[in-house]
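Only one structure is covered here, and it is reproduced in the block below.
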Amino acid sequence: MRCKKCDQPAVIRMHQHRLALCKEHFVEWVLNRVADTIRSFRMFSPKKKILVAVSGGKDSLVLWDILLKLGYKADGLHLNLGIGEYSERSLDYVLKFADSHPEADLIIVDIKERYGMSVPELAEAKKHGRGRKICSLCGLVKRHEMNRVANERGYDVVATGHNLDDEAATLLGNLLNWKIEYLAHQSPVLPSTYPGLVRKVRPLVRLYERETAAYALVEGIEYIREECPHALGAKSLLYKEILNRLEDEMPGAKQRFYMDFLKARREGLIKLQPPPAQQLHPCEVCGQPTSAPGKCAFCRLWEPGSSSGS
Ligand code: AMP
Ligand code: ZN
Ligand code: ZN
């Protein structure tokens, strides 16, 4: 198998794009594809300050690497959630990457140190320890902290490592359950709709997971390979498996499924009517925008005695 551009031995064959590339041309292709995604979805301009949320997994470290190679001012934010050995090892990989990229800053927030409880401890205290509940609570903590840090440190935009497989799996879940509100809003760009609500972007949405993994491999980016122990058995993993089966039989299926959904919605071919947006106001404790009366869901989490926070 030879590179389509230079005839050297190829390191990857991408059936979905009818393309095989050598290492050098694959890296160039990935950089161009992400640059083009940033441009075509108007994610951010070259002068913006970007905060990359890095988990220690491949996608977010690959994203950080790509943004730095493209010349953006991109710093990292890692949230130490206190999920045992999994969080310790995740942090090690983030530190390792940051050490070898002195041009970028890394901000680390230790949730237990800052708020007194790790995410599993918080879940236990809220009787959220069973089933999938800890994941929604963890999501709430992550969203709040990403927004808080970006605001406090003057970042224009928060970038996360969601790839095409993540987005297609989310879309499948939203369709299966007819989550109209989520279908209306699922997007590579979430604009700031209220002061203090930071813009969020997903620059890897046009890269397959297989492609981000290959990029990590050829660029020597080390990352944590295991899933969060709480995510095992999550529906999103089942949806990914199903989509992979479809992709095997029909190369490009995942990309068509997700990108054509965005296109059809943009062109008004799919009309979704979400419930009217709720009025936002600043949380009386932390000041972040919330639709909940008084305090936001995150601040209510840490109140002694409250049994439900989300
Ligand atoms: P997940 O929801 O775990 O699939 O992660 C989606 C994205 O959220 C990742 O690609 C990261 O950009 C970000 N993220 C997840 N966990 C963390 C973390 N502990 N610290 C910082 N960012 C994270
Ligand atoms: Zn080549
Ligand atoms: Zn609050």
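Predicted, not measured: the structure shown is a model, and the values here were computed from it. Indexing begins at 1, ligand by ligand and atom by atom, following the structure's order. Computation of the quantities below employed the complete heavy-atom set of this structure, encompassing side-chain atoms and omitting hydrogens, waters and symmetry-equivalent molecules.
Taking 4.5 Å as the limit, every side-chain heavy atom of F261 sits out of range of all side-chain heavy atoms of L175. V158 is not listed as a side-chain neighbour of N147, based on a closest heavy-atom distance of 4.5 Å or more.
Ring pair H17/W29 is tilted by interplanar angle, where 30° to 60° counts as tilted.
Those atoms of ligand 1 with a heavy atom of S60 less than 4.0 angstrom away are 10 (O), 11 (C), 12 (O). Each of the following atoms of ligand 1 lies closer than 4.0 Å to a heavy atom of A53: 11 (C), 12 (O), 13 (C), 21 (C), 22 (N). Atoms of ligand 1 found under 4.0 Å from any heavy atom of K142, numbered from 1 in the order shown, are 2 (O), 3 (O), 15 (C), 16 (N), 17 (C).
Within a 4.0 Å radius of atom 5 (O) of ligand 1, the protein contributes no non-hydrogen atoms. For atom 22 (N) of ligand 1, a protein non-hydrogen atom is found at a distance below 4.0 Å.
Among the atoms of C299, an N, O or S atom falls under 2.8 Å of the Zn ion (ligand 3).
Nearest protein heavy-atom neighbour of atom 7 (C) of ligand 1: H162 CE1, 3.8 Å. Summary of contacts: the protein heavy atom closest to atom 15 (C) of ligand 1 is S55 CB, 3.6 Å. Among protein heavy atoms, atom 9 (C) of ligand 1 sits closest to G161 N, 3.9 Å.
For ligand 1, the polar-atom distance check finds no N/O of A159 at less than 3.5 Å from any of the ligand's N/O atoms. The distance criterion of under 3.5 Å between nitrogen or oxygen atoms is not met by M146 with respect to ligand 1. Checked by distance only, ligand 1 and L79 come closer than 3.5 Å through their nitrogen or oxygen atoms.
Only protein N, O or S atoms were considered, and those under 2.8 Å from the Zn ion (ligand 2) are C3 SG, C6 SG, C22 SG, H25 ND1.
The part of L77 lying near ligand 1 is the backbone, judged by heavy-atom distances below 4.0 Å.
Rounding to 10°, one obtains 110° for the angle at the Zn ion (ligand 3) between SG (C283) and SG (C296).
Residue contact check for ligand 1: L81 places a non-hydrogen atom closer than 4.0 Å to it.
Looking at K254 and D165, a side-chain N of the basic residue comes within less than 4.0 Å of a carboxylate O on the acidic one, giving a salt bridge. A salt bridge does not link R245 with E241: every distance from a Lys NZ or Arg NE/NH1/NH2 to an Asp or Glu carboxylate oxygen is 4.0 Å or more. For the pair D166 and R202, the salt-bridge criterion is not met [side-chain N within less than 4.0 Å of a carboxylate O]. For R148 and E145, the salt-bridge test passes: some basic side-chain N is under 4.0 Å from an acidic carboxylate O.
With respect to Y155, the side-chain contact (heavy atoms from CB on, under 4.5 Å) criterion is satisfied by exactly one of V198, V52, I50, I107: I107. L269 pairs with exactly one of K271, R265, E267 by the side-chain contact (heavy atoms from CB on, under 4.5 Å) rule, that one being E267. Shown are L77, V94, L95; of these, the side-chain contact (heavy atoms from CB on, under 4.5 Å) with I108 is made only by L95.
No side-chain donor-acceptor contact under 3.5 Å links N80 and K112. Looking only at atom types and distance, the side chain of N177 has no donor-acceptor partner in the side chain of Y182 under 3.5 Å away.
Following chains of ILVMFWY side-chain contacts shorter than 4.5 Å, one can reach I270 starting from M259, so the two form part of one hydrophobic cluster.
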